[in-house]
Structures are given as C-alpha cells and as structure tokens.
Novice: 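For reference, the structure I am asking about is given below.
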There are 2 protein chains.
Amino acid sequence: MKTSAERGREVRRKLLDAAADLIPERGWTAVSTRILAERAGVAPGLVHYHFPSLQALLNEAALDVIGRVVAETGPLLERAETLDDGLEGMLGALDAFTGSDPVSVLFTETYLAAARDEDLRRELTALVTRFRRELAGWLRARGQEAPEETASVLAAALDGMMLHRPLNPELTSAAVAPVLRRLLTRPGGDDRRAGG
Amino acid sequence: MKTSAERGREVRRKLLDAAADLIPERGWTAVSTRILAERAGVAPGLVHYHFPSLQALLNEAALDVIGRVVAETGPLLERAETLDDGLEGMLGALDAFTGSDPVSVLFTETYLAAARDEDLRRELTALVTRFRRELAGWLRARGQEAPEETASVLAAALDGMMLHRPLNPELTSAAVAPVLRRLLTRPGGDDRRAGG
DNA sequence: GATCGACTTGGTCAATCGTCCAAGTAATAG
DNA sequence: CTATTACTTGGACGATTGACCAAGTCGATC
C-alpha cells in the first residue's frame with residue numbers, strides 16, 4: 001500500500017510526462033489542463049493542486065527533458081579522444097533526433113516559449129550555456145582554434161539541423177559530417193582534418 | 001471612391017499583415033479570429049469571408065513573409081564576387097534578425113506549424129528547397145567543395161543561429177564569421193580562406 | 001478510535017474559441 | 001430604375017479554456 005505522499009509524487013510525475021508528450025504533439029499554447037489530465041490518467045483538478053499554474057507545469061516538464069539531454073552529452077564527449085571522434089559521436093547522437101520526433105520538437109517549442117516567458121528564458125539560457133561551456137572546454141582540451149566561438153556555432157548548427165531535417169531529406173549525418181568536419185581546426189595548422 | 005473589390009483586397013491584406021504580427025507575438029496556435037480582426041481593424045466575420053479557415057489565413061501570411069525573405073537572398077548573393085564576400089553579406093543580412101524580432105520568430109513558428117499541417121509543410125519545403133538550391137548554385141559557381149551539402153549545413157546553421165541568439169549574447173556576426181569561414185573551401189585547396 | 005493533513009474528486013465560473021449566417025450596404029451591370 | 005454582385009456587420013452556436021473550490025478519501029499519528 002502506497003502512502004498519500006508517494007501517490008502524490010507519482011501523479012506529479014505522470015503530469016510532467018504527459019506534458020512532455022503533448023507539447024510537441026499539439027504545440028505549447030495548445031496544451032490544456034483537461035487534455036493534460038486525461039493523458040496522464042488523473043482528474044483535471046490535480047493540475048492546479050500540484051502546480052501553481054499550467055505554464056509552470058509546462059516549463060518544468062520542458063526543462064526536465066532538455067536538462068536530461070544536456071546531461072547526457074558531457075559523458076558522450078568525454079569518451080571521444082580526438083575532435084573527429086567527438087563530432088562523429090555527436091552526429092550519431094543527433095541521428096536519434098529526426099526533427100519530427102517529440103524531443104526535437106519539444107526543444108524548438110521551448111525556445112519559442114522562452115521568448116514569451118522570462119522565467120523559462122532564464123532557466124533555458126542556463127542549460128544552453130552549460131552545454132556550450134562543456135563543448136567549448138572539450139574543444140579547447142583537444143587544441144581546437146577559437147573554442148568558444150566554435151562551440152557557439154556548432155551548438156546552433158546542431159539545433160538548426162533539427163529544425164531543417166523534416167524539410168530536407170538530404171540533411172543526413174553522413175552528408176553533413178564531411179562539411180562540419182571543416183569547422184574543426186587547430187591554430188596554425190593547414191590540414192582540414194584536425195583530429196588526427 | 002474605391003470599388004468594393006479594392007476595399008476587399010485591402011481588408012485581405014490587412015488581415016495577413018495582422019497575422020504576421022500576431023503569430024510571433026502570441027504563438028501560432030494562440031492567434032484567434034477575434035484578436036486578428038481587432039488588430040487588423042476590421043469586423044470579426046471578415047476572417048471567414050476572405051479565408052476558408054483561420055489555419056489557411058495563418059499559412060498564407062507566414063509563407064508570404066518567408067517567401068519575401070527568400071526572394072531577397074538571391075540578388076544579395078549575386079552581388080558578391082567571392083565566397084568570403086558572400087558570407088559577409090549573408091551575415092550582414094542576418095544581423096537584422098536578432099532572434100527576438102518578429103521575422104525570426106515567425107520563421108521558427110512556421111517550421112513548427114509545418115510539423116502539424118501537411119499543406120503548410122509542402123509549401124514551406126518548396127521555399128526552403130529553393131533557397132538551398134540558389135545558395136548551392138552560387139557556391140558551386142565560385143568553386144566551393146561539395147556545394148549542396150555545404151548549402152544544407154549553412155542554411156541550417158543560419159536558422160540555428162536565429163534560434164540561439166536570444167539565449168546566447170556571444171553569438172554575434174563578428175564572433176561567428178571567422179568560424180563559418182572555415183566551412184568555405186575549394187577542392188584540393190589547403191588554405192582555409194577559399195574566397196581570395 | 002479520534003484527529004490530522006495530504007491528496008483527490010467532480011464540478012462551477014466567466015471568458016474565449018472557430019465557424020457560420022441572416023441581414024445590411026454599396027458599387028456595378030442591364 | 002432594377003437586379004446583381006461583392007463585401008460587410010454583428011451576433012449566435014456549441015465547445016473549450018484556466019482557474020478555483022467545497023466536499024470527500026485515506027494513510028499516518030497520537
């Protein structure tokens with residue numbers, strides 16, 4: 001038999017999970033309390049018991065998912081020895097995101113919602129900054145020229161690819177890998193393959 | 001004295017302009033017929049007289065704006081002699097888009113809406129494909145290696161920058177220009193400045 | 001067994017939603 | 001002057017919205 005508190009946490013979690021499904025499915029501003037409760041399999045009134053507002057629920061759900069993806073990237077990078085290996089690894093991870101899958105769309109929906117919600121923007125900026133810093137540190141440790149600027153461009157390019165993929169069948173990892181590899185260079189080095 | 005037809009076209013135009021304002025402002029799914037009519041300064045019933053549905057109005061408004069931006073890019077590229085000059089020009093044009101301005105947000109909102117509307121997706125794909133082809137043709141004419149793939153990555157990177165700019169103050173044209181310039185190379189050439 | 005507090009239920013509230021339409025205006029064609 | 005046509009008005013329709021709440025359930029504590 002579960003305690004009330006345990007069941008409460010479970011309901012909270014179910015609502016957050018349902019939100020993570022529904023935001024990509026219907027769009028941020030089209031997720032309603034009732035649809036949310038129905039998807040989570042709980043009563044409608046629970047939304048405003050566990051969360052101060054619908055917006056607060058959506059913010060927490062989105063930041064949860066994005067935070068999890070960011071947290072997974074660090075270890076993935078550390079496993080790679082060279083710049084080329086790291087790029088390979090990131091593109092491999094990107095293959096899981098077709099641009100139409102829920103996580104890709106959730107990312108973009110959250111970027112947009114952040115333009116209209118100051119709290120969300122502040123927390124999202126913190127997550128994106130952490131990702132960029134990790135990437136820049138990894139690049140610098142491997143001799144990459146202008147690591148901060150390269151990390152900024154690389155992070156933007158990866159999200160841009162998620163945005164374009166559903167509209168551009170040519171945008172496969174295999175096709176873009178040779179192009180993105182040109183971004184990776186070492187100071188003074190003339191070779192375009194910096195990872196060797 | 002204006003004819004009925006002239007006034008009708010004017011109302012249609014006012015509705016499309018109001019939609020182009022409101023989609024970025026409130027989000028695609030949060031634009032309502034009444035808000036739209038109020039912003040356009042016309043009666044609510046006119047929305048469904050001039051358009052079959054609210055969605056059709058939003059689609060047309062968004063594709064109008066995006067089509068206009070795409071149409072402006074061709075001439076801008078043609079003016080540039082070298083690869084470096086062209087990149088410079090594109091980054092200059094990108095400076096008009098802070099990522100928070102209405103046009104930037106409208107782009108992203110439309111990408112997302114296209115994931116949920118087949119008609120919109122088809123027409124948006126056509127526009128993006130045209131932009132990519134123009135860019136690829138321009139790159140090829142100036143000796144760029146793998147022009148199609150480079151154009152795909154460049155187009156995605158530019159949209160990605162629009163997405164990241166509000167969250168990343170370091171993402172200025174000046175900071176990213178040297179990094180993006182690495183993307184431009186000629187076959188067999190070892191120099192990273194291909195435009196000279 | 002009584003009391004407490006956390007959690008849940010099912011519903012109300014005013015406001016807004018997309019769509020549709022009957023009636024009205026006014027410029028044009030016969 | 002009389003249709004005819006295009007455009008406009010203001011409101012009606014049922015459905016849905018975010019927020020809120022009184023009443024009820026139930027395990028934990030004394």
Side-chain angles (χ1 to χ4, degrees), chain A residues 1-62 109 112-113 116-120, chain B residues 1-62 109 112-113 116-120:
Chain A
M1 189 61 63
K2 284 173 184 165
T3 69
S4 296
E6 275 168 342
R7 278 186 299 122
R9 271 194 301 269
E10 194 178 327
V11 167
R12 228 187 100 94
R13 171 49 47 194
K14 277 199 260 187
L15 283 170
L16 289 172
D17 289 347
D21 280 354
L22 286 167
I23 290 169
E25 203 171 296
R26 306 176 62 108
W28 189 283
T29 56
V31 178
S32 72
T33 55
R34 289 161 182 79
I35 301 274
L36 197 46
E38 187 187 8
R39 179 67 62 94
V42 305
L46 288 175
V47 170
H48 284 84
Y49 177 79
H50 289 286
F51 299 89
S53 71
L54 178 61
Q55 280 311 309
L57 194 169
L58 298 181
N59 288 2
E60 185 171 335
E109 286 282 357
L112 280 176
R116 301 180 195 102
D117 183 314
E118 197 174 345
D119 288 347
L120 179 59
Chain B
M1 187 62 62
K2 283 173 183 164
T3 69
S4 297
E6 275 169 342
R7 278 186 300 120
R9 270 194 302 268
E10 195 178 327
V11 167
R12 227 186 101 94
R13 171 50 45 195
K14 277 199 261 187
L15 283 169
L16 289 171
D17 289 346
D21 280 353
L22 286 167
I23 291 169
E25 201 170 297
R26 305 175 62 109
W28 189 284
T29 56
V31 177
S32 72
T33 55
R34 288 162 182 81
I35 300 275
L36 197 46
E38 187 187 8
R39 179 67 62 96
V42 304
L46 287 176
V47 170
H48 284 83
Y49 176 79
H50 288 286
F51 299 89
S53 72
L54 178 61
Q55 280 310 308
L57 195 170
L58 299 180
N59 288 2
E60 186 172 333
E109 286 282 357
L112 280 175
R116 301 180 194 103
D117 183 314
E118 197 175 344
D119 287 346
L120 179 59

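Proteins come first, then strands; the chains are lettered A, B, ... in the order of their sequence lines, and each starts at number 1. These numbers come from a predicted model, not from an experiment.
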Novice: Answer whether the closest heavy-atom distance between the side chains of Leu36(B) and Leu54(B) falls below 4.5 Å.
Specialist: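 Result yes, sub-4.5 Å side-chain heavy-atom pair found.
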Novice: Would one find a side-chain N or O of His50(A) under 4.0 angstrom from OP1 or OP2 of dT8(C)?
Specialist: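 Yes, His50(A) has a side-chain N/O under 4.0 Å of OP1/OP2 on dT8(C).
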Novice: In residues 20-30 of chain B, which residues come under 4.0 Å of DNA chain D by heavy atom?
Specialist: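 Here the set is empty: none.
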Novice: Figure out the CZ/P separation between Arg34(B) and dG10(D), and round it to whole Å.
Specialist: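 Between P of dG10(D) and CZ of Arg34(B): 14 Å.
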Novice: For Val47(A), report the nucleic acid contact type (base, sugar-phosphate, nothing); a contact means any heavy atom under 4.0 Å.
Specialist: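 Result for Val47(A) = nothing.
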Novice: Considering only heavy atoms from C-beta outward, does the side chain of Phe51(A) approach that of Leu46(A) to under 4.5 Å?
Specialist: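 When only atoms from C-beta onward are counted, Leu46(A) and Phe51(A) do not touch, as no gap falls below 4.5 Å.
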Novice: To the nearest 0.5 Å, what is the distance between CZ on Arg9(A) and NE2 on His50(A)?
Specialist: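 Between Arg9(A) CZ and His50(A) NE2, I get 11.0 Å after rounding to 0.5 Å.
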Novice: Donor-acceptor pair, Arg26(B) side chain versus Asp21(B) backbone, under 3.5 Å?
Specialist: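 Judged by distance alone, no pair lies under 3.5 Å.
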Novice: Under 4.0 Å: is that the gap between some side-chain N or O of Tyr49(B) and OP1 or OP2 of dC7(D)?
Specialist: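 Yes, Tyr49(B) has a side-chain N/O under 4.0 Å of OP1/OP2 on dC7(D).
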Novice: Could you check whether any side-chain heavy atom of Asp117(B) comes within less than 4.5 Å of a side-chain heavy atom of Trp28(B), counting everything from C-beta outward?
Specialist: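 Contact flag for Asp117(B)/Trp28(B) side chains = no.
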Novice: Judged by each residue's nearest nucleotide on DNA chain C, which is more toward the 5′ side, Pro52(B) or Val11(A)?
Specialist: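 The residue mapped nearer the 5' terminus is Val11(A).
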Novice: Scan Ser32(B) against the nucleic acid and name what it touches under 4.0 Å (heavy atoms): base, sugar-phosphate only, or nothing.
Specialist: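 The answer is sugar-phosphate, as Ser32(B) gets under 4.0 Å only of primed atoms, P, OP1 or OP2.
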Novice: From the options dG18(C), dT17(D), dC17(C), select the nucleotide whose nearest atom is closest to the side chain of Thr33(B).
Specialist: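 Taking heavy atoms from C-beta onward, the closest nucleotide is dG18(C).
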Novice: Take Lys14(A) and Asp17(A), measure what side-chain contact (heavy atoms from CB on, under 4.5 Å) needs, and give me the verdict at the end.
Specialist: CA-CA 5 Å; Lys14(A) 277 199 260 187; Asp17(A) 289 347; 5.7 Å; no
Novice: The side chain of Leu46(B) lies closest to which of these nucleotides: dT9(C), dG18(C), dT9(D)?
Specialist: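 Per side-chain heavy atoms of Leu46(B), the pick is dT9(D).
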Novice: Within less than 4.0 Å of OP1 or OP2 of dC20(C), is there a side-chain N or O belonging to His48(B)?
Specialist: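 Answer is no, no contact under 4.0 Å.
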